[in-house]
Each structure stands twice: as C-alpha cells, then as structure tokens.
K.L.:
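Sharing a structure, written as structure tokens. Questions coming.
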Amino acid sequence: MTPPDDPALVRVLAADGTFAPTPGAERYLPLIDALADSELETFYRDMVVVRAFDRQATNLQRQGQLALWPPSFGQEAAQVGSARAARPQDHLFPSYREHVVCTIRGVDPIDIIRLMRGLTHGGWDPTDPKNGNTRIYTLVLGSQTLHAAGFGMGLVFDKRTATGDPEKDEALIVYYGDGSSSQGDVHEAMVFAASYRAPQVFFLQNNHWAISVPVSTQSRTPLFQRAAGYGMPSIQVDGNDVLASYAVTKTALDEARAGGGPRAIEALTYRMGAHTTSDDPTKYRTSDEEESWARRDPIARMHAYLRARGASDEFFAGVEEDAAAYADDVRIRTNALGDLDREVMFGHVYSEPHPLIDEQRRWLADYEASFEGGKA
Amino acid sequence: MTPPDDPALVRVLAADGTFAPTPGAERYLPLIDALADSELETFYRDMVVVRAFDRQATNLQRQGQLALWPPSFGQEAAQVGSARAARPQDHLFPSYREHVVCTIRGVDPIDIIRLMRGLTHGGWDPTDPKNGNTRIYTLVLGSQTLHAAGFGMGLVFDKRTATGDPEKDEALIVYYGDGSSSQGDVHEAMVFAASYRAPQVFFLQNNHWAISVPVSTQSRTPLFQRAAGYGMPSIQVDGNDVLASYAVTKTALDEARAGGGPRAIEALTYRMGAHTTSDDPTKYRTSDEEESWARRDPIARMHAYLRARGASDEFFAGVEEDAAAYADDVRIRTNALGDLDREVMFGHVYSEPHPLIDEQRRWLADYEASFEGGKA
Amino acid sequence: MSVVDQETSAAPASVVTMPFAKAINAGLRAALAADDHVLLMGEDIGPLGGVFRVTEGLQAEFGAERVLDTPLAESGIVGTAIGLAMAGFRPVCEIQFDGFVFPAFDQITSQLAKLTNRHEGALPFPVVIRIPYGGHIGAVEHHQESPEAYFAHTPGLRVVSPSTPNDAYWMIQDAITSNDPIIFLEPKAKYWMKGEVDTSARALPLHASRVVRRGTDVTLVGHGAMVTTLLQAAALAEGEGTSCEVIDLRSISPIDYGPILDSVRRTGRMVYAQEASGFTSVGSEVAATVMEKAFFALEAPVLRVSGFDTPFPPAKLEGLFLPDADRILEAVDRALAY
Amino acid sequence: MSVVDQETSAAPASVVTMPFAKAINAGLRAALAADDHVLLMGEDIGPLGGVFRVTEGLQAEFGAERVLDTPLAESGIVGTAIGLAMAGFRPVCEIQFDGFVFPAFDQITSQLAKLTNRHEGALPFPVVIRIPYGGHIGAVEHHQESPEAYFAHTPGLRVVSPSTPNDAYWMIQDAITSNDPIIFLEPKAKYWMKGEVDTSARALPLHASRVVRRGTDVTLVGHGAMVTTLLQAAALAEGEGTSCEVIDLRSISPIDYGPILDSVRRTGRMVYAQEASGFTSVGSEVAATVMEKAFFALEAPVLRVSGFDTPFPPAKLEGLFLPDADRILEAVDRALAY
Ligand SMILES: Cc1ncc(C[n+]2csc(CCOP(=O)(O)OP(=O)(O)O)c2C)c(N)n1
Ligand SMILES: Cc1ncc(C[n+]2csc(CCOP(=O)(O)OP(=O)(O)O)c2C)c(N)n1
Ligand SMILES: [Mg+2]
Ligand SMILES: [Mg+2]
C-alpha cells in the first residue's frame with residue numbers, strides 16, 4: 001500500500017532510539033551536533049506535553065465537551081522538529097491537526113479547544129505577538145498552501161526576506177497532509193511559490209491515511225518527488241525522528257530565507273489514533289499496521305535516545321508531571337468555558353458597517369425581546 | 001525567458017531539415033524508418049493544408065465572418081505528429097487551438113468555423129464515427145484534462161484497454177498548453193490518471209506563450225518534469241519536428257494502451273501568429289524572437305527533408321493546390337452559413353423535458369408573435 | 001401532482017421502516033444492481049462506507065471498480081465523473097460535506113451543467129452529485145451549509161432534496177436514471193430519522209412538490225430538513241387556532257409551483273422557510289414567483305424565514321442561526337396581521 | 001442617498017470626458033499612487049494591459065511587483081491575494097472574463113468571504129476582484145456571463161457594478177480603500193462608452209443606488225449595462241405616454257433599497273431587468289423584498305425581465321437571450337395592465 005521510502009530518506013535516530021544516521025542524513029549532522037542538551041530535552045518535553053494535551057482533548061470530546069477532536073497522536077516528532085526549526089520571525093500556516101506546532105509557537109491550547117467545542121471558527125489572533133506568527137486553522141484542505149504562497153510573495157515584495165540577515169529575514173512553513181496533496185490548490189501554490197521565489201517550505205505530513213483512504217490512492221510514487229517538477233528542492237524525512245525533522249526543516253527554512261526559493265519536505269509519519277473522534281479506524285486498517293507503527297513511536301524513540309545519552313529519571317519524571325499539569329489545566333479551563341456572545345455571529349461578517357447585518361441584528365434583538373421572560 | 005531544452009530532448013530533423021537525431025531520439029528511429037514515403041507525404045500535406053485553412057480562417061475573421069480565430073500557425077508539426085500517431089480506436093481531447101488534430105481525425109473544418117462564428121458552442125458530435133473520436137473544444141483551460149482522465153478510467157473499468165491487442169485496445173490523448181499547465185485541474189487529472197492507470201497521454205504544447213505571458217512565469221523548470229512526481233514517464237520533444245512528434249506520441253500511446261499507465265509529452269513549439277485575431281503580439285514579444293522561431297518553421301523543415309529525399313516538384317505543387325482548394329472550400333461554405341435556429345438555445349439545456357424552459361420557449365414565441373409583421 | 005401524506009396510509013407488505021441514510025443506501029444498492037454502468041465515487045465511501053455510512057457495504061457488494069474511493073480532490077471527482085459519463089457510465093459522486101463542494105464548482109457550473117447544451121443534445125450527462133447538507137449536527141465550519149441557491153441559479157442542473165426515507169429511497173433512484181445532471185441534497189439532520197419506505201412503487205415523480213399537511217389559513221413551504229420544522233410550527237399554530245398547510249418542495253430546480261399556487265390561492269398567505277442565508281436565495285425566487293403569479297390572491301406578502309446573512313456560525317450558535325418553529329410562527333403571525 | 005442625473009449637470013474644470021475602461025484605468029492609477037501596498041494581479045494585465053486594455057500602462061508606471069502578470073490559475077490568483085492581504089497588501093485581482101471566475105470559487109466563497117469572520121475581526125481582507133461581465137460583445141462561450149447572483153448570495157462579500165465612467169472611476173477607488181472583500185463587476189459592453197468623469201469629488205457612496213431618470217408611472221431598476229437599456233426603454237415609453245423612473249442599483253450587495261422603495265411607493269409598479277438568468281437571481285431578491293416592504297403600495301407584482309434560464313447561447317443568438325428595450329416595455333405594459 002505504502003510507496004517505499006526513498007533511499008535518500010533522512011533519518012538520524014533508528015526506531016529503537018540508537019543514533020544511526022542514514023547516508024542522506026550526513027549533511028545535517030552538524031546541525032544536530034550543535035543542539036544543546038537543553039534543546040534536546042525541550043523537544044522531548046514538547047512531544048510528551050502535547051501528547052498529554054491531545055489525549056485530554058480526546059477525553060473531553062468523549063465527555064461531550066467538544067464537538068470533535070482530530071488527534072495529533074503519533075505525529076509529534078514531525079511537528080515539534082519543524083516548529084522548533086522555525087525562527088521567531090517565521091510564519092506558520094497550519095492545516096487543522098497541528099496542535100503541537102501551534103502550542104509550541106505560543107498559541108494557548110484552550111483556543112484550539114474553543115474551535116473544536118464550537119465556540120469559534122478561528123480561535124486566536126495571528127497578528128498578536130503572543131501567538132508566534134501562527135495562522136489559524138484551515139479546514140478546506142489545501143487552501144492554506146495558497147495563502148502561504150501569497151504571504152511569501154508579500155515578504156519578497158516588501159523585502160522582508162533574502163536581505164542576507166538570517167536573524168531578521170522571514171520565511172514561512174505551510175503544513176498539509178498526504179490526502180490534501182491531491183488538491184489543485186496545492187499545485188497552484190507550488191506554481192506561484194516557485195514563480196515568485198517565495199521563502200516557503202511546503203511541509204507535508206504523510207501520515208499514510210486520509211481518513212480511510214491510503215496514501216497509495218493519492219500517489220503511487222513518493223510524494224516529495226512532486227516538488228522537483230516545479231524546480232523545488234525537496235527531501236523525504238523520517239517524520240517520527242524529531243532530530244531529523246528539525247534539521248531538514250531548519251535547513252530548508254534558512255535556504256528559503258536566504259533567497260533560494262521554496263522548498264518541500266515530506267515527513268513520513270503515522271496517525272496513531274483515529275482521524276477524529278468520529279472515526280473508526282478498524283473499518284479500514286489492520287492492527288498489524290498500527291502495531292508496526294507503534295514500534296516506531298516518536299516519543300519512545302527520543303526517550304531511548306535521551307536515556308542512552310544519560311538523561312536522568314528525574315528529568316523524565318519531571319516531564320511527565322509537566323504534561324499531567326498541562327493537561328489538567330486544559331481540562332479545568334475547558335469545563336469553565338462559558339457561552340458564546342451572539343455578536344460572534346453578526347459582529348465580524350464585514351469589517352465595515354453593513355445595512356443587512358444591522359437590520360438582522362436588530363430584528364433578532366426585537367424578536368427575542370418579544371418573548372416575555374425570554375425564549376424557551 | 002525560456003527554460004533550456006532538456007539534454008534528453010527528442011529531435012530527428014534539424015531546423016534545416018537534415019536528418020540529425022539527438023541521442024534521445026535513438027530509441028524512436030525504428031518507428032521513423034518504418035514510415036512509408038506516402039506517410040511522410042501525408043504528414044507534410046496535412047501541415048500545409050491546415051496552415052492554409054488556418055490562414056483562410058484568420059482572413060474570414062478580418063472580413064467579419066467570424067467572432068474570433070485562434071490560429072494554429074506554427075504548431076502544425078506537434079499536432080500532425082501526435083494526431084497521426086493515434087490509432088483509429090483512440091480518443092482525442094483537444095483544448096481550443098487543435099484545428100490540425102481535429103481535421104486530421106475527420107472533423108469538418110466548417111464545424112470549427114461555426115464555433116468561432118458564434119453559431120454553436122460545440123460544433124460536432126464526438127460520438128459520430130466520422131469525427132474520429134474527437135471530443136469538442138473546451139475553453140475553460142485545463143478542464144478537459146480531467147474529462148480525459150475520467151474517460152480513461154472508464155476504458156479501464158470496461159476493459160476496453162490493456163487486453164494485449166494493440167489493434168483494439170483504446171488509449172487517449174489530451175491536449176493543453178503551457179499556460180494551462182498551471183491550473184489545478186491539470187494536477188488533479190495527473191493524480192487521477194496515475195491512480196487509476198488511465199491509458200492517457202498528456203500532450204502539452206509548449207508554444208512559449210499564454211497570450212502575453214511567457215512560459216517562464218508558469219515554470220522556471222521544463223514542464224515535462226512535472227510528470228515524474230506522479231510516477232509518470234515523460235519526455236520533451238521538438239514539437240516543430242513532425243517525425244519526432246509522431247514517434248514519441250505513438251510510443252507513449254502504445255505503452256499506455258498496453259497497460260503502462262499514463263504518459264506525458266511536452267512538445268516545444270511556437271505560436272507563430274497572434275494568440276487570437278483580437279491579440280497584438282507586438283505588445284509583449286520581440287520580432288527577434290519571432291524570427292528565430294520562423295527559422296524553425298515545421299513545414300519548411302519537412303519540406304527540406306522531403307526535398308532531400310527526392311520528393312518531386314509535382315508533389316509539392318500538388319500539395320499547394322490541395323491546400324488552396326481546401327481553404328477555398330472553407331471560405332465558400334463559410335459565406336453560405338445560414339442563421340441559427342433558436343432551438344439551439346432552448347432545445348438542449350436538458351436531455352429531458354423541463355417546465356421552466358418550456359414556459360420560456362412558449363413565452364418567447366408568443367412575445368414575438370405579438371409584433372405584427374415581426375420584430376424589428 | 002400533489003398527494004397528501006403518502007407516508008401515513010396503511011402499510012402494505014412492501015413497506016419497511018428504516019432510517020433516512022439506510023433508505024439512500026438501499027436506493028443506491030438498487031441502482032447499482034439495475035445497471036452495471038452506475039458507479040459511486042467519492043472520498044471514504046468504500047471500506048468506511050462514507051462518514052455518514054450512507055454507502056456502507058456497497059463496495060464489499062459491488063467491488064472497488066463500482067464503488068470508488070477516489071483521490072482527495074473534488075474538482076477531480078466531478079471532472080472525472082464527466083469523463084466517465086462520456087464513456088457511457090452513470091457516476092454518482094459523493095461530496096463529503098456541503099462546504100467542500102466549492103473546489104468542484106467550476107467543473108459543475110462551466111462543464112457539467114453546460115455539456116448537454118454544448119453538445120446540442122448529442123450525448124447525455126447523467127451525473128448525480130450527492131451532498132449531505134444543512135445544520136443541526138453541531139459540527140465545525142464548512143460542515144453545516146446549505147448551498148442550494150448556487151445550483152438552483154445554474155441552468156442545466158436539476159436540484160432535488162428528499163425529506164423522508166421514502167422520498168430518499170425513490171428520489172436517488174430516479175436521479176440516477178435521469179439523463180440530466182442532478183444535485184442531490186441530503187439533509188444530514190434527517191439521516192437518523194426513521195420512516196416507512198414502500199419499495200413497491202414511487203409515490204411521486206422526481207420533480208413534484210407535495211402537500212404534507214392540509215390547512216386553510218397560511219401556506220408554509222420549504223425543503224429538506226426544514227419540512228420537519230414547518231410541521232412542528234403547523235402543529236403549534238393549530239394550538240393557537242391557525243390552520244397551516246405545509247408543502248415540501250422536494251425539487252428545488254425546477255420547482256413544481258402547481259400545488260403551491262393552488263394552496264396560496266386558498267389561504268392568501270405564505271411563508272417560505274429555509275436554512276440558507278436569505279439574500280438572493282431559493283426563498284427569494286419562490287416568494288417573487290408566487291407573488292407574481294398569485295398577486296390578487298395574496299392578503300399579505302410572501303414572507304421568508306431564513307438563516308441570517310452571515311456565515312454559518314460556530315456550532316454553539318447554530319440554534320440562533322437556524323430558523324426554528326418559533327421563528328416560523330413569528331412570520332405566520334406577521335402574515336396574519338396584514 | 002439618491003441624486004438625479006449627476007452626469008448631466010454643468011461641467012467644472014475637474015471634469016474630463018473619457019471611456020469607461022479608461023476611467024477604471026485612471027481610478028486604478030490613483031489607487032496605486034495613493035498606497036504603495038495596493039497591487040494589481042491577474043493574467044495578461046502587464047505589458048499587454050489586459051485583454052480590454054483596462055490596465056494599460058500601469059505596469060510600466062508602477063513596476064512588475066505592483067502590477068503582476070501571474071501564472072494562469074484563478075484559484076491561485078485569489079488564494080495568493082488572500083495571503084498578500086494577510087501580509088498587509090491590498091490586492092486587486094483581475095479575472096479575465098466572467099466565465100473564468102469559477103476555478104476561484106472555493107477561495108472566494110469558503111476563504112475570502114469568510115476570513116474576516118473567522119478571524120473575529122482581528123484583521124481585514126481588503127481584496128478586490130475585478131470581473132468584466134455580461135454580454136453584447138458577440139464572443140464565444142464563457143465570455144458573456146453575468147455571475148452576480150453567486151456572489152450576492154455569499155455573506156461576507158460586497159458586490160458592486162458601475163454603469164458610467166464617473167462611477168467606474170470612483171467606485172474602483174472606493175472598493176480598493178474598503179476593508180472588505182469586494183466583487184467589482186465591470187459591464188464590458190460599456191468599456192468603450194464615453195462619459196464625463198469628475199475627478200474632484202465622488203457623487204455617491206459606494207453602496208448607494210441612484211435615480212437616473214425621474215418618472216411617475218413605473219419604476220425600472222437594474223444594474224450594469226442594463227441601465228442603458230432601461231433608459232432606452234424609458235425614452236420609448238415616454239413616446240407612448242408612460243413615464244418611467246429609472247434606478248441604477250450600483251451596489252448589488254448590499255442593496256440600497258431606500259430610493260427604490262421611495263419610487264415604488266409613488267409609482268406602484270416596478271420592473272427589474274438583468275442579463276443574468278432569472279431563476280434564483282438578484283432580480284428575484286429585489287422583487288421579493290420590494291413586494292414585502294411595499295406590499296400595499298403595489299398595483300401590480302414586481303415583474304422581472306431576465307436572460308432565459310439557459311446557458312448564455314452562441315453569439316448569434318445573444319440578441320434573443322439578452323433583454324432589450326422591447327422586452328422591458330412588454331413588462332411595463334404588463335405591469336400597467338394590472
Ligand atoms: C476540500 C475538502 N474536502 C474534504 C474534506 C473532508 N476531510 C477532512 S480531513 C480529510 C482527510 C485529510 O487527509 P490528509 O490531508 O492526509 O490529512 P490528515 O487527516 O491525515 O492529517 C478529509 C477528506 C475537507 N476538509 N476539505
Ligand atoms: C480558466 C481560464 N482562464 C483564462 C482563460 C482565458 N485564456 C484563454 S487562452 C489563454 C492563454 C492560454 O495559454 P496556453 O495554455 O499556453 O495555450 P495557448 O493559447 O498558448 O495555446 C487564456 C488566459 C481561459 N480560457 N480559461
Ligand atoms: Mg494523512
Ligand atoms: Mg501557450
């Protein structure tokens with residue numbers, strides 16, 4: 001079902017956590033060597049904390065607190081590696097499963113919860129510095145790749161990139177899935193990004209499934225190979241290896257910000273959970289397959305690696321505590337979420353006044369006032 | 001402006017008509033050797049005749065007989081080579097400049113004229129055997145590539161292809177341009193064709209311009225390279241060399257019909273005339289460029305080749321006569337074209353009766369009847 | 001063409017009770033069995049049986065070349081369905097949710113809707129596009145919309161929407177055997193609603209509207225899930241002494257105006273209710289036409305009750321956005337006050 | 001808000017006579033000069049100046065990073081315009097012809113129209129989409145359509161259409177300075193029509209409708225190129241002793257109903273004319289709303305004169321498809337006969 005890994009696949013950590021770089025990984029080793037222990041620990045903590053959040057959110061959905069939850073379970077390394085590779089001035093365009101990416105950049109997890117609870121269609125203000133230039137989710141698959149390309153064109157036109165100063169030059173990364181890769185918009189985004197040399201990294205998380213449809217239906221050939229047709233360098237990385245994900249993304253972003261034009265990365269990973277809480281994966285995939293991927297769990301891998309490097313029991317215990325506290329906090333704040341102001345419906349349809357909206361807002365107020373004692 | 005030719009470019013005849021196969025052409029030489037003199041002459045006659053038709057149509061537009069004419073001038077070799085490569089059972093999906101393709105397959109040129117005169121949106125019945133399985137024109141760029149992919153899927157499902165009998169197995173070819181290649185639909189067509197192994201040849205005529213926009217805006221990289229990303233073999237051919245165009249297309253169609261899945265061809269050619277009769281190319285391209293392509297004229301090239309092989313003056317004179325007669329016939333029949341029945345408007349909106357259409361048809365008849373002596 | 005309350009007449013042996021989604025499933029199965037060139041295509045309709053399980057079991061029964069899990073691309077689904085129709089197939093496409101039909105809009109509007117016309121009738125384009133639509137399921141953005149106006153405005157398309165399991169069963173089969181492209185809107189709020197399906201014979205032609213409740217004071221008209229709400233409103237109105245006639249449009253394009261005009265000529269008052277935003281909507285069309293054709297019969301203008309002219313709001317506000325029986329009654333009262 | 005016949009008052013020094021297309025060109029030039037984050041993007045708008053020469057000279061003046069010849073992909077044009085808006089630009093997209101807007105329909109409907117709402121107002125989406133639309137130019141398929149109903153039905157969009165050079169000059173500038181997404185429909189039949197442009201001050205706000213001719217018997221309303229036809233009909237009617245008031249909608253969404261209702265309350269009769277197919281159209285909306293809001297003032301139903309509910313026919317039949325003054329007069333007569 002799955003197209004074979006490319007021989008040039010970049011992997012640094014084997015599934016059991018041993019340091020075993022593939023030939024394709026050689027050029028990235030200096031970047032990995034340069035990582036301080038504290039950074040490695042941050043990568044690990046990120047993954048564990050967000051997995052706890054993700055599990056909590058799944059539970060909250062089961063308890064009826066959320067309409068839906070799309071778990072990021074299993075994709076932590078691809079997301080942590082890539083998001084940690086982005087510089088502060090970089091821009092991130094998620095699809096809808098990038099909970100790890102968003103929270104790392106500063107988005108409050110409760111804002112994602114609010115989206116999935118049916119309290120908002122957005123959740124956060126991407127222009128508020130505290131959100132780390134993270135755009136809101138896009139549910140129409142592939143659309144965001146064009147928004148990212150346009151944003152990248154804007155960076156070029158405004159000379160906010162490719163000035164030669166990596167501390168200031170801006171770049172961006174857009175996330176999408178193996179299923180989404182079939183959408184025409186993704187193609188057009190590559191055409192525009194290549195044509196205008198947008199400083200853009202196309203980051204495809206190939207988690208092998210688009211709901212119930214295997215990636216082999218989308219492509220008989222490794223997806224990262226598409227990029228070459230646009231003159232875009234591209235690479236396939238083991239997306240369950242946080243170090244490899246970090247290194248390839250950092251390299252691609254820095255090449256893009258230096259004026260090298262767009263880049264593409266295909267991160268091979270696996271959606272270890274259901275598509276969303278409404279989904280039943282037993283209908284379409286085998287437990288053999290699930291188990292084989294469980295053996296490649298990104299967290300276990302990094303755990304083994306850190307352990308071998310000498311990380312202490314206290315460190316691991318501390319991370320577990322942090323994660324539990326984080327998830328608890330989300331649960332408590334979810335339960336405290338209030339109702340929704342109807343102005344969310346009328347208030348922002350337009351940026352400027354609109355007579356029809358005003359008329360309907362007034363009508364609704366009068367109508368409700370007409371029920372003495374309020375509407376049932 | 002133009003991306004460089006690929007080193008693997010397939011060319012058999014040099015611009016001056018000498019037989020000078022490129023290395024990429026080697027594997028195709030047996031197919032070319034197998035061509036009888038009469039076939040070579042047919043290729044030449046096709047090109048000359050349709051160029052005369054095309055020039056006639058341009059004149060008819062200038063005389064106010066047509067709303068518009070999109071000339072095929074300069075692209076004769078790509079179209080003759082590819083259309084002559086198709087077997088009788090094959091299906092051809094043109095875009096809107098494939099006058100050569102259509103007429104070779106049996107479409108009456110007056111039907112194309114009727115379209116450009118504003119008498120029809122279609123012109124011919126693709127299911128009528130006399131039209132050689134040629135679909136009607138599609139003006140929304142790229143859309144037809146998906147129709148072709150779906151048709152190809154149908155051939156697979158109905159086992160009308162890949163049975164092992166090249167005399168019966170059906171394949172199809174879809175035409176589109178360098179500008180059109182940027183449309184999302186073309187990408188989705190490649191995804192579907194590859195996924196279902198449709199027996200489909202994607203034939204891109206890169207005539208270097210999309211109206212006023214050079215191909216370099218669509219891609220910084222040779223367009224035929226896109227196909228590899230879908231696992232589709234592809235090739236770049238000199239589209240002004242009718243022999244090379246014939247051989248690569250025949251090979252691709254036969255591979256596709258044998259069950260090899262879709263194929264892509266990029267034919268490098270040049271739109272020697274205006275985009276349409278409404279266009280003014282002097283606004284956006286240099287006469288230097290035009291002259292350099294005039295030196296690569298597909299007809300002159302084949303003329304020189306046939307001449308060197310010993311074709312007689314009588315032969316060439318005969319072709320000129322045929323061409324003049326063909327064009328004359330088109331002019332005479334164009335001038336004789338009558339008016340349009342209003343049932344063209346009401347009669348085929350639906351295949352089955354529809355009350356609103358019936359009501360409006362009745363209303364219009366009554367309304368017109370109300371003008372005594374007819375409406376001014 | 002109108003028949004009152006088909007579903008409540010005494011049930012013969014051929015009558016089975018089943019939920020709406022199962023009725024479509026049964027209709028699809030019958031269509032697949034009747035013609036081996038009928039095929040289903042869409043996202044997740046194979047082993048998963050669709051996100052609403054409407055196609056459950058069909059791939060297992062008819063094979064992966066009759067029930068296709070396609071690549072994830074809506075323009076591709078409709079565009080290749082067109083090509084399949086050219087090759088002699090009768091494709092039935094599923095769009096996973098209302099809000100995801102727009103990537104296919106060009107293929108639907110400029111190709112599918114126009115191809116019969118462009119070919120001057122030389123070949124038919126029997127493509128059905130099934131779209132679960134409408135609200136009431138508390139879902140995230142793009143999953144609760146009512147896009148019928150876009151299709152109704154497009155010449156060359158037919159647009160229908162069943163509101164009962166029996167209609168669902170028959171209308172999907174009639175849509176598939178029709179030679180014209182049909183947008184088949186399934187009110188997803190009704191998927192779990194049970195009702196009697198008479199598998200022996202269809203009650204009405206595909207494009208007929210139906211009087212589902214008789215009344216004398218005000219005519220209530222709507223389509224899809226809104227029919228249930230109209231019936232609730234009519235029941236409440238009865239308690240207040242107002243007799244409402246309720247008509248299910250069933251076919252949104254063309255509209256069978258006969259039963260509606262008959263009714264309005266008797267009642268003199270009419271309310272159209274719809275989930276879609278009201279501006280330039282199907283409700284606008286029906287109101288304008290009924291006022292034109294029954295001008296002297298009307299005691300009050302035709303009133304419209306619609307979703308507001310805002311995007312469909314976050315789920316927690318859907319109850320505020322979607323017209324309910326009370327909002328319909330408010331319009332009934334206004335109509336009566338004229 | 002209504003002002004009669006702005007264009008015929010005595011001309012001050014700031015008044016220049018120019019064709020409609022040139023007026024848009026001048027308006028675009030002014031907008032590009034006023035704000036260096038305004039940019040134009042589209043197919044063939046650079047060296048060629050657009051297929052209608054509306055952007056002629058602008059790339060030479062402002063450079064290829066302000067006036068972009070994009071790759072040939074409409075979803076890409078609108079989708080990247082959205083991203084550019086996120087980066088602080090005010091993109092003005094050109095869609096080459098009406099019939100080629102549909103590949104961008106998803107980005108327009110599910111993204112552009114909804115993004116302000118999705119962001120809860122945190123950032124504006126000041127994107128203008130210019131579309132030459134309508135018939136009368138004898139062109140091939142997809143080049144003569146009137147897609148306004150699709151956009152009017154979509155909450156979050158504004159839709160306007162100038163009908164004179166003066167409006168063209170001002171409305172394009174007002175559209176570009178607006179913080180909301182605007183579909184800017186240019187009646188291509190009018191591109192060559194000359195008129196006076198007063199560059200000193202705008203006559204009306206962007207979303208105002210305008211009475212262009214005073215009359216007492218019947219109110220004629222329409223938008224875009226149809227305004228000229230309505231004026232022709234009014235002139236002919238005058239010869240037959242009928243006095244028609246003519247109103248140019250100018251803004252299709254929102255609609256400024258004030259002048260229309262004022263007029264109808266005086267005349268008691270109204271005809272809406274449009275090139276678009278009539279079913280579920282802007283004409284349906286206006287008719288339904290006017291009948292609702294001016295019910296007791298009406299002596300006759302609001303009548304609609306529209307393109308037929310067929311695809312736009314081959315050019316040789318466009319005269320039959322498109323409403324002309326005679327068809328409008330026929331409706332005027334019908335209205336008067338009530
Ligand atoms: C245009 C569009 N079509 C269909 C859907 C419904 N849908 C939501 S997620 C999904 C599968 C996405 O697969 P992939 O891109 O691989 O992302 P993953 O879910 O694996 O993260 C589908 C079909 C959608 N959101 N948008
Ligand atoms: C979707 C769409 N957008 C725009 C147009 C207008 N248009 C017609 S031809 C053309 C250029 C096509 O270029 P290319 O694909 O290279 O074909 P060529 O004209 O060179 O044969 C354009 C922009 C169209 N027909 N369809
Ligand atoms: Mg996936
Ligand atoms: Mg070209």
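Below, read A as the first sequence line, B as the second, and so on, with proteins coming before strands; counting in each chain starts at 1.
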K.L.:
Select one option (side chain, backbone, both, neither) describing which atoms of C:Gln59 are under 4.5 Å from chain A's heavy atoms.
P.N.:
neither

K.L.:
Which bit of C:Glu56 comes within less than 4.5 Å of chain A, counting heavy atoms only: side chain, backbone, both or neither?
P.N.:
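Interface part for C:Glu56: side chain.
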
K.L.:
Nearest 0.5 angstrom please: A:Asp280 CG to C:Leu48 CG, how far?
P.N.:
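If we round to the nearest 0.5 Å, A:Asp280:CG and C:Leu48:CG are 7.5 Å apart.
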
K.L.:
Can you tell me how far CG of C:Asp44 sits from CH2 of A:Trp209, rounded to the nearest 0.5 angstrom?
P.N.:
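Here the rounded value is 10.0 Å.
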
K.L.:
I need the minimum non-hydrogen distance between C:Ala73 and A:Gln183, along with the two atoms involved.
P.N.:
CA-NE2, 3.8 Å

K.L.:
Does CG belonging to A:Asp339 count more than 12 external heavy atoms closer than 6.0 Å?
P.N.:
no

K.L.:
What's the shortest heavy-atom distance between A:Ile357 and C:Asp309, and which atoms?
P.N.:
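Between these two residues, the closest heavy atoms are CD1-O, 3.2 Å.
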
K.L.:
Identify the two heavy atoms, one from A:Leu139 and one from C:Phe100, that lie closest to each other, and give their separation to 0.1 Å.
P.N.:
O-CE2, 3.9 Å

K.L.:
Might you point out which heavy atoms bring A:Ala67 and C:Gly138 nearest each other, and give the distance in Å?
P.N.:
CB-O, 3.4 Å

K.L.:
Is any side-chain heavy atom of A:Ser278 closer than 4.5 Å to one of C:Val51?
P.N.:
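Result no, sub-4.5 Å side-chain heavy-atom pair not found.
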
K.L.:
Need one label for A:Arg361: side chain, backbone, both or neither, based on atoms under 4.5 Å from any heavy atom in chain C.
P.N.:
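Neither; nothing under 4.5 Å.
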
K.L.:
Give, for atom CG of A:Leu364 and atom CG of C:Leu320, the distance between the pair rounded to the nearest 0.5 Å.
P.N.:
5.0 Å

K.L.:
Between C:His142, C:Glu43, C:Glu318, which shows the greatest number of heavy-atom pairs under 4.5 Å with chain A?
P.N.:
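The residue among C:His142, C:Glu43, C:Glu318 with the greatest pair count is C:His142.
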
K.L.:
How far does OG1 of A:Thr138 sit from CD of C:Glu141, to the nearest 0.5 angstrom?
P.N.:
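Going from the OG1 atom of A:Thr138 to the CD atom of C:Glu141 covers 9.0 Å.
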
K.L.:
Contact between C:Pro314 and A:Val344 at the side-chain level, heavy atoms closer than 4.5 Å - yes or no?
P.N.:
yes

K.L.:
Would you name the heavy atoms of A:Ser182 and C:Leu72 that are closest together and state the gap between them?
P.N.:
CB-O, 3.6 Å

K.L.:
Does the side chain of A:Trp363 reach to within under 4.5 Å of the side chain of C:Glu330, using non-hydrogen atoms?
P.N.:
yes

K.L.:
Do you know which two heavy atoms are closest between C:Pro71 and A:Thr217, and how far apart they sit?
P.N.:
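It is CG-O, 3.5 Å.
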
K.L.:
What part of A:Ser143 gets closer than 4.5 Å to chain C, counting heavy atoms only: side chain, backbone, both or neither?
P.N.:
neither

K.L.:
Could you grab the distance from atom CD of A:Gln360 to atom CZ of C:Phe321, nearest 0.5 Å is fine?
P.N.:
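With rounding to 0.5 Å, CD (A:Gln360) is 9.0 Å from CZ (C:Phe321).
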
K.L.:
Examine whether an atom of A:Leu356 lies under 4.5 Å from a heavy atom of chain C, and if so say whether it belongs to the side chain, the backbone or both; otherwise answer neither.
P.N.:
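Looking at A:Leu356, just its side chain touches chain C.
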
K.L.:
Please check this pair: side chain of A:His121 against backbone of C:Phe312, looking for a donor-acceptor N/O pair closer than 3.5 Å.
P.N.:
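Answer holds: yes.
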
